[in-house]
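Please read all numbers here as calculations on a predicted model, not as lab measurements. Convention: sequence-line order gives letters A, B, ...; per-chain numbering from 1. What you see below is based on every heavy atom in this structure, not just the backbone, and it leaves out hydrogens, waters and symmetry mates.
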2 protein chains.
Amino acid sequence: MPPFVQRRPLTSLTADALLADIREGKWRLGQRLPGEATLAAQLGVGRSTLREAIRELAGKGVLDSRQGAGVFVIATDVTEDWDAVLRRASVGSVIEARMAIETEAAALAAERRTPADLRTINRALGARRWCDRDATDIAEHVDADMVFHRAVIVAAHNDVLAELFDSFVPRVRKAMVDMLRIRPLDSPEDDHTAHALLATAIADRDPAAAAEASRTHLTDLKRQFT
Amino acid sequence: MPPFVQRRPLTSLTADALLADIREGKWRLGQRLPGEATLAAQLGVGRSTLREAIRELAGKGVLDSRQGAGVFVIATDVTEDWDAVLRRASVGSVIEARMAIETEAAALAAERRTPADLRTINRALGARRWCDRDATDIAEHVDADMVFHRAVIVAAHNDVLAELFDSFVPRVRKAMVDMLRIRPLDSPEDDHTAHALLATAIADRDPAAAAEASRTHLTDLKRQFT
DNA sequence: CCACCCCAACACCTCAGACAAGCGGATGGG
DNA sequence: CCCATCCGCTTGTCTGAGGTGTTGGGGTGG
């Protein structure tokens with residue numbers, strides 16, 4: 001019997017069916033799915049179609065297929081959209097989270113920074129200062145600031161912290177641009193000094209000072225937002 | 001660290017190659033990609049392989065293919081699946097990130113905790129102790145531990161930190177269960193004392209002590225994993 | 001009895017080819 | 001100028017074949 005008319009590709013429908021089965025616990029977390037041939041026959045689709053459906057779920061992080069072993073469930077649900085959380089949260093909450101990440105990263109960076117990391121940080125610091133004095137575009141200021149902070153995070157050599165920071169960038173960037181448009185920094189010179197202090201602490205391999213410098217800077221930042 | 005180059009399915013490599021091309025702007029947002037046959041020839045892979053790579057990127061929300069029309073770029077960057085990052089990251093990195101979040105949250109909790117928060121924390125602490133002494137299932141121990149730590153995070157009254165912690169739970173939970181199965185805690189009593197110390201610091205509204213207690217506990221934890 | 005090695009069955013991976021289904025521009029009639 | 005139709009190109013789906021990696025069981029030596 002030919003299938004009913006369907007506007008959506010069979011691949012997509014198959015992926016939905018599989019996800020529904022996984023959600024209702026037909027196959028548990030970490031468990032192996034039936035073989036391609038078996039599953040394709042059960043669902044009444046061709047092997048290619050099933051394979052593409054599996055790929056789609058693999059892209060979503062639900063399935064993982066290992067050659068020779070089988071296809072395994074690695075998540076029972078699609079993860080919540082992280083951007084949505086950040087949009088919903090207040091600026092204060094985001095800065096607090098940023099403080100948690102950046103102070104820790106600053107301390108780690110002081111311990112782990114390589115000469116190359118140091119060069120990147122100092123170059124970013126220089127660009128940042130140049131922007132402070134000459135550039136007129138506020139967005140450019142903020143971007144230069146982000147580049148510097150990201151260089152610090154990278155020097156910590158921790159992928160999780162780096163990824164967290166990257167998630168925060170768009171939200172923080174927008175908030176900072178909006179704020180600076182309304183009320184510019186009281187003292188650009190002090191702002192630069194705070195950043196230079198952080199860079200120096202990292203160069204000196206002084207974790208405590210680096211964390212301290214990062215914390216005071218972000219505390220000031222938060223005060224401006226409230 | 002795992003080997004830098006490891007045998008990966010051609011499908012996955014192809015998906016990465018496409019994503020790299022998109023990121024560097026070879027094809028712009030909303031633009032149509034070359035036809036499957038053309039692209040497959042260019043990349044030197046079979047059409048099925050290319051199709052599965054496209055399907056994988058479609059699952060990530062980067063590409064969208066419409067029958068008869070072509071394949072289109074619908075996002076130039078992939079909001080990296082958070083779970084995927086945590087799976088790929090080392091346990092050490094995850095614990096370091098956890099340290100960043102929990103020490104900050106502990107300090108905030110000490111300032112903001114309500115009487116209700118305190119009750120929840122103490123109840124979780126009690127359940128945790130009970131598990132230490134009577135329960136036999138390792139997973140039950142770990143779950144009780146997670147409940148306690150989550151109660152602390154909730155007391156910080158910061159949605160972003162709470163959401164971050166929740167993202168970490170599955171990964172950390174699995175790692176802890178695996179580890180405890182191989183090598184149980186040296187001293188369950190000391191472990192309980194460390195947690196009780198944290199609860200007391202929060203009750204006393206002492207941010208520095210709370211952060212300190214949280215940090216020492218997680219440092220010990222990290223030591224066991226390395 | 002245990003530890004180790006070997007191998008065959010099984011699983012996914014990759015390719016090639018064929019035909020169906022759908023979109024979009026070109027075409028030609030009104 | 002408008003619109004219905006046609007045709008070329010694109011993706012969708014299926015099938016069959018051969019390749020590669022994993023796993024677990026049986027045989028062997030200690």
Side-chain angles (χ1 to χ4, degrees), chain A residues 1-19 21-22 26-28 30-75, chain B residues 2-19 21-22 26-28 30-75 87:
Chain A
M1 180 184 83
F4 296 120
V5 281
Q6 47 213 0
R7 34 197 54 214
R8 298 183 50 200
L10 193 51
T11 295
S12 188
L13 294 175
T14 305
D16 286 350
L18 284 178
L19 186 56
D21 282 345
I22 292 168
K26 187 167 177 180
W27 304 297
R28 300 297 172 80
Q31 200 173 339
R32 202 190 68 111
L33 267 58
E36 283 177 358
T38 310
L39 206 48
Q42 277 181 20
L43 294 169
V45 301
R47 254 187 20 258
S48 323
T49 304
L50 174 62
R51 280 185 59 79
E52 289 185 20
I54 290 173
R55 269 303 154 232
E56 192 170 323
L57 292 180
K60 287 185 172 163
V62 175
L63 294 179
D64 178 46
S65 61
R66 303 200 303 261
Q67 183 176 182
V71 179
F72 297 84
V73 179
I74 57 177
Chain B
F4 291 95
V5 286
Q6 76 189 65
R7 172 99 176 130
R8 291 181 56 201
L10 192 51
T11 293
S12 188
L13 295 176
T14 305
D16 286 349
L18 285 178
L19 187 56
D21 283 346
I22 291 168
K26 188 166 177 179
W27 305 296
R28 300 299 172 79
Q31 201 173 339
R32 198 181 74 88
L33 267 58
E36 286 177 355
T38 310
L39 206 48
Q42 277 180 17
L43 293 169
V45 301
R47 189 179 162 222
S48 313
T49 303
L50 174 63
R51 279 184 59 80
E52 289 187 19
I54 291 172
R55 208 43 85 188
E56 191 171 323
L57 292 180
K60 287 183 174 169
V62 176
L63 294 179
D64 178 45
S65 59
R66 302 200 296 265
Q67 184 175 182
V71 180
F72 298 83
V73 179
I74 57 177
R87 268 196 305 277

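Taking atom CD1 on B:Ile54 and atom P on D:dT11, their separation rounds to 7 Å, with Å as the unit. The CG atom of A:Leu50 sits 10 Å away from the P atom of D:dC14 (whole-angstrom rounding). Spacing between atom CD of B:Gln31 and atom P of D:dT10 amounts to 15 Å, rounded to whole angstrom units. Note: CG (B:Leu63) to P (D:dG12) measures 11 Å, nearest angstrom. Across the protein-nucleic acid pair, B:Gln67 atom CD and C:dC23 atom C1' stand 9 Å apart, rounded to whole Å. Look at CZ on B:Arg47: it is 18 Å from P on D:dG16, rounded to the nearest Å. In this structure, A:Leu10 atom CG and D:dT11 atom P are separated by 18 Å, rounded to whole Å. Across the protein-nucleic acid pair, B:Leu13 atom CG and C:dC12 atom P stand 19 Å apart, rounded to whole Å.
Out of D:dT13, D:dA17, C:dC13, the shortest distance to the side chain of A:Arg51 is found at C:dC13. Each of D:dT15, C:dC12, D:dT11 was ranked by its minimum atom distance to the side chain of A:Ser48; first place goes to D:dT15.
The shortest non-hydrogen separation linking B:Ala15 to B:Ala53 is N-CB, 3.6 Å.
Within the structure, every side-chain polar atom (N or O) of B:Arg8 is placed at least 4.0 Å from both OP1 and OP2 of D:dG21. For the pair B:Thr11 and C:dT14, the criterion of a side-chain N or O lying under 4.0 Å from OP1 or OP2 is met. Considering only side-chain N and O atoms, A:Arg66 lies nowhere under 4.0 angstrom from the phosphate OP1 or OP2 of D:dT22.
Considering only heavy atoms from C-beta on, B:Glu56 comes within 4.5 Å of B:Ser12 through its side chain. Side-chain contact between B:Ser65 and B:Arg55 is present, with heavy atoms from C-beta onward closer than 4.5 Å. Side-chain contact between B:Lys60 and B:Leu19 is absent, with no heavy-atom pair separated by less than 4.5 Å. Taking the side chain as every heavy atom from C-beta outward, A:Ile54 and A:Leu33 never approach each other to under 4.5 Å. In this structure, B:Leu63 and B:Val73 have side chains that are in contact, with non-hydrogen atoms separated by less than 4.5 Å.
Here the CG-CG distance, from A:Asp21 to A:Leu39, works out to 8.5 Å after rounding to the nearest 0.5 Å. Distance check: A:Arg32 CZ to A:Arg66 CZ gives 10.5 Å after rounding to the nearest 0.5 Å. Summarising the geometry, atom OG1 belonging to B:Thr38 is positioned 10.5 Å from atom CG belonging to B:Leu43; distances are rounded to the nearest 0.5 Å. Here OG1 of B:Thr49 is found 10.5 Å from CG of B:Leu13. Values are rounded to the nearest 0.5 Å.
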Measure all distances between protein nitrogen or oxygen atoms and nitrogen or oxygen atoms of nucleotides 6-8 of chain C, and list the pairs falling under 3.5 Å.
none

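A heavy-atom distance below 4.0 Å to DNA chain D is reached by these residues of residues 34-45 of chain A, ordered by number: A:Val45.
For B:Arg55 against D:dG12, a side-chain-to-base donor-acceptor contact under 3.5 Å is absent.
Nucleic acid contact for B:Gly68: base, since at least one base atom lies under 4.0 Å from a heavy atom of the residue.
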